[in-house]
Amino acid sequence: MQATDLSVTDLIRQAAGPSLLAIQPTVDHIPTFWISKEKIQTVLRQMKEEIDRPYKMLYDLTAIDERVRLHREGQPDSDFTVVYHLYSFDRNAYLRFKVPLKEKQLFLPTITPLWRSADWYEREAWDLFGVRFEGHPHLVRILMPRTWEGHPLRKDHPSHGTELGLNMPDPKMIEEQEQLQFRPEEWGLKRQSDGTDFIFLNLGPHHPGTHGVLRVVLQLDGEIILDAVPDIGFHHRGQEKIAERQTWHTYLPYTDRVDYLSGVINNLAYLMGVERLAGIEIPPRAQVIRVMMSELYRITNHLVWLGTFAQDVGQLSPVFYAFNDRERAYAITEAVCGARMHPNWFRMGGTAQDLPIGWEPLFRDFLKYLPSRLDEYEGEILKNRIFKGRTKGIGQTTVDEAIEWGMTGPNLRACGLAWDFRKAHPYSGYDRFEFDIPVGKNGDAYDRAAVRIEEMRQSLRIIDQCVRRMPDGPYKAIHPLATPPPKARTMHDIETLIAHFLNVSWGPVIPPGEALGAIEASKGNNGYYLISDGSTTSYRTRIRTPSFPHMQMLPLLCRGRTISDLIAIFGSVDFVLSDVDR
Amino acid sequence: MILRTLIFIVGLLFITLTLAGWLTWVERRLLAVWQDRLGPNRVGPFGTLQALADAIKLFTKEDWVPPFADKSVFVIAPAIILIAVLMSFVIVPFAPGLLLANLNIGLLFFLAMSSLSVYSIVLGGWASNSKYALLGGLRAAAQMITYEVFLGLSVMGPVLLAGSFRLTDIVEAQQELWFVVPQFLGFVLFLIAGVAETRRLPFDLPEAETELAAGFHTEYSGMKFGMFFIGEYLGMILLSAMITTLYLGGWHGPFLPPIVWFLLKSSFFLVLFILLRASLPRPRLDQLMSFGWKVLLPLALANLLATGAVVLMRGG
C-alpha cells in the first residue's frame, strides 16, 4: 500500500472544508478521512466524478458499532460509523471515508444515485446495524429474515442462537412463510403490461441451476426475463459476528468457509489483515508455500467452476472430468495439509506445518498432468459450437459497467481490463513470480470461461516457479504473535513457552488498529477489514467478498434474456453462496 | 391364430418394457464409462438388476397428486405417452413374418402415434399447474411441432423410393442397397428429428434440469414419473428400430439370422444416442427453433424434391 497521498488529502480538504472532521492514521496506510454526514455525498461524488484519476469503484460499504470500543484516539465521537472504501484503478489505490453517527440520529444520505452497487451494501448496513440510508430506493433487510428483531452486528445483539431462545412455533412459521411471499409492487415491478400478464417465477432457493441456496424471482414475459430480483441470505451464517466471538487465531477455520471452494485463499486474505495489524514479517519460505498452495486452490476452484458451468449449459460429462482432476489436486492438499476443502492451514506468521517430505514429486506430477487436460477441456467445451452459441454475447458487460458495479477478478478481466491484484498490489511475494494476466474482449460468458481456463495455466506456471525456487528456512515467523509459535523452540526458552501457552489457551492479543487485507481470491477481490481493540478477539471483522457485488449485478446481466441464458450467466460468473451471504 | 397374436402382443409388451427398463441401466453404465466413473454396479451381477430395483422403488412410492394440479389430466398424461409409443411397436417389422400388423399405412401410423405422444408432455406440463412444468410444456409444444414437420418430410424419401408406406415393403426395397446411401441427407435429418422427438440431450429442453428443475414432469413422482421415464426410453428403442427399418435395410444382412441383424443395428443407434447425451451441450430454445425452421426444414424440402425428381426420371 502506498503512503498517504498528499494530493488526495488536499483534494479532500478542498471538497469537504470544515466537514473534514479528522484524518485517521491506519496500519494499512490507506488514507482514512472522517467526513460529516451532511457532506459525504458531495465528497464521494467529487472523488468519483470530478477529480483527476478518479476513484471509480465503490469497493465496500459497511458500518462499525463503536459504542464499546476503547481505543479511539484521535477519532471523532461516534456511536456508529459508516465506512466507505473506494478504489481507483488509475491510482492503484484504496481510499477510506468514515462518517460518524449518533445512536439517536442513526441516518445519513444514500449514495445509491452515485453508485448503483451501493444498493445492496446499504441494505446490508441497515440490516445488520440499523443504519438508515435516507433516499435509498428500497431499504429492506437483505441477509436476515424480514421478521428478525434487532440488528445482529450491534454489540448488544447476542451472538449465539441459544441466547435468543430461537424456536419456531406454528404461528411464527406461518408468518415467516408469509414474508417470503414475493410482492412485485414492492420492487417496483408491474404484474402486467397491455395485454400481457407476466409470470413471476420463483427460481430457488432450491434449484439445480443456482449452485446453492439462492432465490431469484424472475419477471417473465414468456421465457424472456424482464427483470430479476435476487433474494440472498439463505446461506448467511453471521461470519462477521462469529469473528467477534472467536480469538484471532481460532477464527481461521471459519474463513475457510467463506468461499468454501477456495480453501487457503481465504486464510490468506484474513491473515494479510491480521499480520499487518500484528506487524509480523513472513519468512520467505512461508510466503512461497502460501503462494503455491493458494494457486493450487485457485485451480481446484476453477475446475469446479468449469465442470459445473459446462453442466449448466447441458454438457453432462466435463463435470466428472473436472472433479476427477480436482481430486488429484486434493490428493496433494491432503498430503500437505491433511485436509481437502477446508484446509485451515495458514497460521499467523506462516503455515501450520512445513511441507511434508516428498512434496515435490506430487506437485511435479500434477504440473505434468494438468496442461494436456486443460487443452482437452478447451477442445471439448470452448470449441464446441453449441457451447459457443450458448455463451457468446450472453451476459455481456463493459469495463465501465463492471467497475461501477464493483466487479473484480476474472469477470473484470473478461471485459478487457488486465487488472489482477496479485500484480497491482503484490502481497505474499507475488511480485517475484512471472505470470501473465489473461484478458477477454467482450465481457460475455464465453470470455469469462476462456479467461479462467487460461488462468489455470498461469497458476500452474506460478506453482512451477514455486517448486523450482522453494527457499529454505523457517515456515513460521519468529514473533511473539505468531500463533502457535514454533513448537521446537517452546522447549528451549521460557518466552516462547509462555507465548505458546497464552496464544493457544487465551489467544494472541493483537495491538489496536485497523487494517484492510485484500487479495486476489479465486473469484475476485476478497478483503478483510479488521479492527482490533487490543484484545484477543477482533472488534469488528468486515469481509468484503467478490461474489456479493457479482450477485448484485445479476439483474443487469440477464434482463431481456431467457431462462436458459440466466443459467449460463449464473454459471459463468462463478459465485458461491457462502461467499455472497457470509 | 388369435392365440398366437395374443402371445405375440404379450411377449412384445414384456420385451419392450423390460428392454426399456434395462436400457436405463445400459445408459447409466455407458455414461459412467465415458465419464471416468463406475455407474450402478451393485444390484445383481454388474448391476444388471438395477432397473428392477428402480422399478420396485417407483412402484412402492406414494402415488401423489399435487393438490393444485388438474387431477384427471394429471393422471392421464403420462399414460398417453406410454400407450402411444407402445402402439407404435405394432408396425415395427423385426424380421420377416415377425411383426404384429403389416399396415399399408404403417409409416403414417408411426407418425400419428408420435404426434399423439406430444399431447402427453404438453398436457402433463399444463395439468401440473406449476410454472416450471408449464414452461417445460410450452417448450415441448414448440419443439415437437417444429421437429415433427421435417420428421415427416424426411421419411418421405424412403417412401418414394419404395413406393409404399408399408414398412415391410420399405425393408424389402432395401435388399440391394440400404436407403442410407441414396437418402443420406434424409437419414441425418430423421436422426436429428428423432432425437428431438424423444427429447433427449441435446434436445432435452422441455425438461432441461439445470434450467427448469425437471420441466414438464417437475410435479410428477412415483410410477407416473416412471411412465414418462419409460416412455422416453421406449421412444429411444422405437426410434432406433425405425431408423433401422427405414434406412439401414431392417433385417437384411449376411450370415446372421434377420432378427439378430435387426437388433444389432438398433443397438448401434441406442448407443449412439447415449453417446450424444454424454458429449453435447444443450442449445437454447430459440437456437433450436431457428435451426429447425431455417436449416433443417429447407434441407428436408430440398431432399424431398430431389428424391421425387429422381424417382420421376427413373419411372419415366
Side-chain angles (χ1 to χ4, degrees), chain A residues 198-204 206-211 217-218 220 222-225 307-325 327-328 373 379-394 449 561-571, chain B residues 27-28 30-39 125 129-143 192 195-196 199-215 218 273-291 294-295:
Chain A
F198 300 131
I199 302 179
F200 286 93
L201 183 69
N202 193 24
L203 199 95
H206 303 288
H207 187 279
T210 53
H211 299 239
V217 182
L218 302 173
L220 295 175
E223 263 206 55
I224 306 289
I225 298 167
T308 49
F309 182 32
Q311 190 165 43
D312 284 340
V313 292
Q315 219 169 359
L316 284 182
S317 299
V319 70
F320 294 103
Y321 307 143
F323 270 72
N324 267 347
D325 289 349
E327 208 55 35
R328 285 168 193 258
R373 295 286 286 185
E380 191 179 302
I381 303 171
L382 288 188
K383 289 191 181 140
N384 184 303
R385 278 180 57 196
I386 302 179
F387 181 84
K388 281 186 188 167
R390 282 296 304 275
T391 52
K392 286 214 162 167
I394 304 298
R561 296 262 161 213
T562 64
I563 299 176
S564 310
D565 291 331
L566 172 78
I567 301 299
I569 293 167
F570 269 149
Chain B
E27 165 157 54
R28 288 167 71 183
L30 279 177
L31 282 180
V33 167
W34 287 317
Q35 293 172 345
D36 296 346
R37 54 193 179 91
L38 287 173
N129 203 5
S130 123
K131 290 169 186 170
Y132 286 107
L134 179 66
L135 285 169
L138 284 176
R139 283 182 177 192
Q143 176 177 329
I192 295 173
V195 178
R199 304 171 312 284
R200 290 183 51 82
L201 254 170
F203 298 103
D204 69 336
L205 283 87
E207 43 185 285
E209 188 194 329
T210 46
E211 294 160 21
L212 300 181
T218 304
F273 294 146
I274 296 169
L275 184 59
L276 276 183
R277 182 167 176 212
S279 44
L280 288 180
R282 176 192 311 122
R284 215 168 45 214
L285 187 65
D286 57 302
Q287 292 167 341
L288 193 78
M289 300 303 273
S290 58
F291 182 63
K294 291 181 188 160
V295 180

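Letters A, B, ... mirror the listed sequences (proteins, then strands); counts begin at 1.
- For the atom pair CG of Asp325(A) and CG of Asp36(B), the computed distance is 9.0 Å after rounding to the nearest 0.5 Å.
- For chain B, the nearby parts of Asp312(A) are the backbone and the side chain; heavy atoms of each come within less than 4.5 Å.
- There is no contact between Leu566(A) and chain B, counting heavy-atom distances below 4.5 Å.
- In this structure the side chain of Tyr132(B) reaches within 4.5 angstrom of the side chain of His207(A), judged on heavy atoms.
- Heavy-atom distances place both the backbone and the side chain of Arg284(B) under 4.5 Å from chain A.
- Only the side chain of Thr562(A) comes within contact range of chain B, with heavy atoms under 4.5 Å apart.
- In terms of non-hydrogen atom pairs under 4.5 Å with chain A, the most contact-rich of Leu285(B), Leu280(B), Leu134(B) is Leu280(B).
- Ile199(A) touches chain B through its side chain: at least one heavy atom from C-beta onward sits under 4.5 Å away, while N, CA, C and O do not.
- Counting heavy atoms from C-beta on, the side chains of Arg282(B) and Ile567(A) never come closer than 4.5 Å.
- One finds the NZ atom of Lys131(B) at 7.0 Å from the CG atom of Asn202(A) (value rounded to the nearest 0.5 Å).
- Checked by atom type and distance alone, the side chain of Ser317(A) never pairs as donor or acceptor with a backbone atom of Ser279(B) at under 3.5 Å.
- Within the 4.5 Å cutoff, the side chain of Arg139(B) has heavy atoms near those of the Ser564(A) side chain.
- Nearest heavy atom pair, residue Pro281(B) against residue Asn384(A), reads CD-ND2, 3.3 Å.
- Contacts between Leu218(A) and chain B at a heavy-atom distance below 4.5 Å are absent for every atom of the residue.
- Within the 4.5 Å cutoff, side-chain heavy atoms of Ile563(A) are placed close to those of Leu135(B).
- Heavy atoms closer than 4.5 Å to chain A are found in both the backbone and the side chain of Arg277(B).
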